[in-house]
Each structure stands twice: as structure tokens, then as C-alpha cells.
**Q** 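Below are the C-alpha cells for one structure; questions will follow.
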Amino acid sequence: MLRREHQSFRTVLAANKVVRLAGAHDAMGAALAEQAGFQGVWASSLEMSAARCLPDASVMTMTEYLEGASNMQKALSIPVVADCDTGYGNNLNVAHMVHEYEAAGITAVCMEDKLFPKMNSFAGGAQTLLSTEAFASKVETAKNAQRDPDFFVIARTEALISGLSVEEALERCHAYADAGADAVLIHSKAKVNDQVLEFLRAWNGHRPVVVVPTTYPEWHVDDAAAAGVSVVIYANQGLRATVSALRDTFKTILTLGETTSLESRIASVTEVFELQNLDDWQKLEV
Ligand code: SPV
Ligand code: MG
């Protein structure tokens with residue numbers, strides 16, 4: 001298929017009790033997530049910056065992230081949820097971000113309540129948050145900036161990441177919901193999901209809740225759904241699998257001096273052509 005129509009994230013969320021998103025950094029990874037059966041793709045700031053060997057620290061610009069997310073969306077019929085960090089600055093940057101992402105056909109964005117420039121949630125060092133009021137105001141700006149009522153804004157709190165309490169996370173998320181957020185994301189880097197579960201119990205379905213179980217990977221999707229989670233993001237497993245696969249492949253080639261043993265383990269060139277939709281493109285040749 002040369003061009004793809006895609007569903008909006010809001011439509012996909014309405015049709016499913018729980019939606020699973022796979023993190024991706026390019027259109028090919030995103031297409032593989034769709035083929036595997038994921039209902040959406042997370043255009044991850046960690047993945048996209050790592051793919052350029054840059055830190056996930058607001059070093060890349062909005063334009064660069066937008067190009068990446070847009071390239072993914074063009075290759076998919078499932079929606080991209082764009083990880084937009086802090087919204088790339090203050091309220092004016094947020095409004096511009098929503099205008100640009102919406103114009104590119106992206107139907108959902110996520111913004112977090114950290115200070116711009118931000119640092120990845122798993123990196124060492126202090127994480128500074130915006131005040132609740134300041135971030136709620138950014139959420140309101142985002143919602144006022146959208147043209148299509150279908151456009152979806154996820155407000156992410158980094159309260160637990162920065163060492164604050166579940167109570168603080170709840171207070172923040174209630175303020176963000178009151179400001180118009182369509183869903184909230186409660187992020188945690190704990191090894192267990194206790195605090196996230198505590199959050200979910202007190203939240204009580206006020207708005208859809210998104211989780212990112214990177215550091216508590218044993219949480220089964222069915223258990224997360226039963227606890228009240230609506231969206232589970234597998235944010236970086238694809239990136240990490242890529243790193244492992246490339247390391248192993250390149251080492252094998254140099255060690256063995258030929259590539260026979262790799263053939264059964266790596267995709268064929270025909271599979272690559274399929275991902276490129278080459279048949280459809282060749283039909284255009286005259
Ligand atoms: C990302 O995938 O870029 C995220 C999740 O925002 S995390 O890396 O945990 O911050
Ligand atoms: Mg990110």
C-alpha cells in the first residue's frame with residue numbers, strides 16, 4: 001500500500017478495554033509493531049534520540065521529533081502517540097507543537113510536567129518539575145490549540161520519578177484532568193508497581209490512565225487492565241532488541257569471517273522489500 005489511512009487514537013481507545021503501544025524510533029520499527037498486532041505506536045523520545053546517539057535531554061528540536069513521528073504515521077494504519085517531552089518549552093511552544101503535530105496527521109500527543117530542557121526519567125540526577133498550576137496551564141493551552149475535537153492530549157506526571165508521593169501525583173493529575181487532559185500518564189521507575197497501583201485505586205477511573213512498565217516488566221497486561229489501566233506503553237523494548245541484535249550480528253560476522261550461520265536468524269532481503277511495499281511501487285513503473 002503506497003499511502004495509508006489511519007485511525008485516530010481516540011477511536012482506538014474507545015474500541016478497546018486496554019490499548020498496547022510499542023515504542024519505535026523509525027517507520028520500519030513502527031510498521032513491525034503494527035504487523036505484530038500492536039494497536040498503536042509510541043514515538044518515543046528515548047528511542048528517537050538514541051537512534052541518533054544523542055541523549056534524551058531536549059537536545060533534538062521539535063521539528064526533528066515531528067519528522068520522526070510523521071514518518072512513522074505515514075507508514076501505519078494504527079495511530080502514533082507522539083512523546084512530546086515538555087511540549088518543547090512554554091505555553092507558546094505547546095500551542096505551536098499542537099498545531100504542527102495535528103497538521104501532520106498525528107492524533108495524540110503526550111506532554112510531561114518536567115522543566116524544559118528535560119532529562120530522561122531513568123537518568124541519574126535530580127528531576128525538576130514545573131508547578132502544578134504552570135503545567136495545568138500548558139495542558140489547557142494544548143487543548144485550546146487543537147482544531148479537531150478528536151485530537152488527544154495525554155498529561156504525564158513525573159511526580160513519582162522525582163521522588164514525590166502518590167498523593168502529589170494524584171493532586172497533579174486531577175489538576176491536569178480539570179485543565180482538559182484526555183488521559184493521564186503515571187510514570188514510575190520503581191522496581192515494583194505498588195505506587196502505580198495505589199494511584200489507580202485512588203484515581204478510580206476519573207480519566208484513562210497510561211502506564212510505562214519498563215522497570216516493573218512482570219506486570220501482565222490483563223492485570224494492569226483489571227487494575228484500571230487503559231493504555232500500556234512498551235516504550236523501549238524494540239530499541240533494546242535492536243541494540244542486542246545488531247551487536248550479535250556484527251560480532252558474528254567479524255568473528256566467523258563469513259555469514260552462513262546468520263542466514264537463518266536474520267530477515268531475508270525479500271522481507272525487507274515487503275516492508276518497503278516494493279511490489280506496489282514497481283507497479284508505478286512504465
Ligand atoms: C520514552 O520512551 O521516551 C519515554 C519513557 O518518555 S521513558 O524513557 O521512561 O522516560
Ligand atoms: Mg520520552
Side-chain angles (χ1 to χ4, degrees), residues 9 19-26 29-30 33 38 40-62 64-69 72 79-89 93-94 97 101 106 108-130 135 138 142 152-164 169 176 181 183-193 195-196 199 209-217 219 224 229 231-243:
F9 180 67
V19 170
R20 283 185 279 185
L21 307 179
H25 54 270
D26 60 19
F38 278 92
V41 162
W42 170 247
S44 156
S45 67
L46 174 63
E47 289 223 9
M48 284 192 273
S49 52
R52 290 187 50 190
C53 293
L54 290 170
D56 180 17
S58 303
V59 168
M60 283 168 57
T61 64
M62 183 203 80
E64 292 171 308
Y65 282 118
L66 173 58
E67 186 181 19
M72 292 183 212
V80 165
V81 176
D83 173 7
C84 290
D85 285 348
T86 61
Y88 309 109
N93 300 87
V94 167
M97 180 267 284
Y101 274 74
I106 305 287
V109 294
C110 178
M111 280 193 310
E112 64 199 51
D113 56 5
K114 285 208 292 252
L115 207 58
F116 174 87
K118 70 91 196 238
M119 174 54 75
N120 182 264
S121 304
F122 298 126
Q127 297 279 5
T128 315
L129 301 194
L130 275 190
F135 189 70
K138 284 169 82 168
F152 199 96
V153 175
I154 302 171
R156 158 174 165 178
T157 187
E158 294 281 288
L160 300 181
I161 295 288
S162 70
L164 298 171
Y176 305 159
V184 297
L185 189 159
I186 176 75
H187 201 13
S188 166
K189 59 180 179 184
K191 295 262 182 289
V192 288
N193 61 3
Q195 287 189 308
V196 175
F199 177 95
V209 174
V210 185
V211 298
V212 190
T214 303
T215 53
Y216 41 100
W219 202 14
V229 170
V231 183
V232 184
I233 304 180
Y234 298 91
N236 53 44
Q237 288 78 7
L239 171 74
R240 288 153 61 201
T242 304
V243 171

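We count ligands from 1, going down the list as the structure has it; atoms in each ligand are counted the same way.
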**Q** Ignoring waters, how many N, O or S atoms from the protein are under 2.8 Å from the Mg ion (ligand 2)?
**A**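 My tally for this metal is 2.
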**Q** S45 pairs by side chain to side chain donor-acceptor pair (under 3.5 Å) with which of K118, H25, E112?
**A**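 Among the candidates, only K118 passes.
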**Q** Whether the side chain of D113 engages the backbone of L130 through a donor-acceptor N/O pair (distance < 3.5 Å, no angle test) should be reported.
**A**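 Such a contact is absent between D113 side chain and L130 backbone.
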**Q** Decide yes or no on side-chain contact (heavy atoms from CB on, under 4.5 Å) for F135 and L129, but give the supporting numbers first.
**A** CA-CA 9 Å; F135 189 70; L129 301 194; over 6 Å; no
**Q** List the steps and the verdict of side-chain contact (heavy atoms from CB on, under 4.5 Å) for V196 and W219.
**A** CA-CA 11 Å; V196 175; W219 202 14; 4.0 Å; yes
**Q** Report every pair formed by an N or O atom of ligand 1 and a protein N or O atom separated by less than 3.5 Å, giving atom names and the distance to 0.1 Å.
**A**
residue  : atom   : partner : partner atom : Å
ligand 1 : 2 (O)  : W42     : NE1          : 3.0
ligand 1 : 2 (O)  : S44     : OG           : 2.7
ligand 1 : 3 (O)  : S44     : OG           : 3.1
ligand 1 : 3 (O)  : S45     : N            : 3.2
ligand 1 : 3 (O)  : S45     : OG           : 3.0
ligand 1 : 3 (O)  : L46     : N            : 2.8
ligand 1 : 3 (O)  : D83     : OD2          : 2.9
ligand 1 : 6 (O)  : D83     : OD2          : 3.0
ligand 1 : 6 (O)  : R156    : NH1          : 2.7
ligand 1 : 6 (O)  : R156    : NH2          : 3.3
ligand 1 : 8 (O)  : N120    : ND2          : 2.9
ligand 1 : 9 (O)  : H187    : NE2          : 2.7
ligand 1 : 10 (O) : S121    : OG           : 3.3
ligand 1 : 10 (O) : R156    : NH2          : 2.9

**Q** Checking side chain to side chain contact (heavy atoms under 4.5 Å, CB included) between F9 and each of V109, V231, V80, which is the one that passes?
**A**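 The residue from V109, V231, V80 that satisfies side chain to side chain contact (heavy atoms under 4.5 Å, CB included) with F9 turns out to be V231.
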**Q** Between N93 (side chain) and Y88 (backbone), is there a donor-acceptor pair under 3.5 Å?
**A**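 Confirmed, N93 side chain pairs with Y88 backbone.
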**Q** Side chains of Y176 and R156: does their closest heavy-atom pair fall under 4.5 Å?
**A**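 Heavy-atom side-chain distance check fails, nothing below 4.5 Å.
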**Q** Go through R52 and E64 one step at a time and tell me if the salt bridge (charged side-chain N to carboxylate O under 4.0 Å, His left out) criterion holds.
**A** CA-CA 11 Å; R52 290 187 50 190; E64 292 171 308; 2.8 Å; yes
**Q** Does any N or O in the side chain of D83 come within less than 3.5 Å of the main-chain N or O of D85, such that one atom is a donor and the other an acceptor?
**A**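 Yes.
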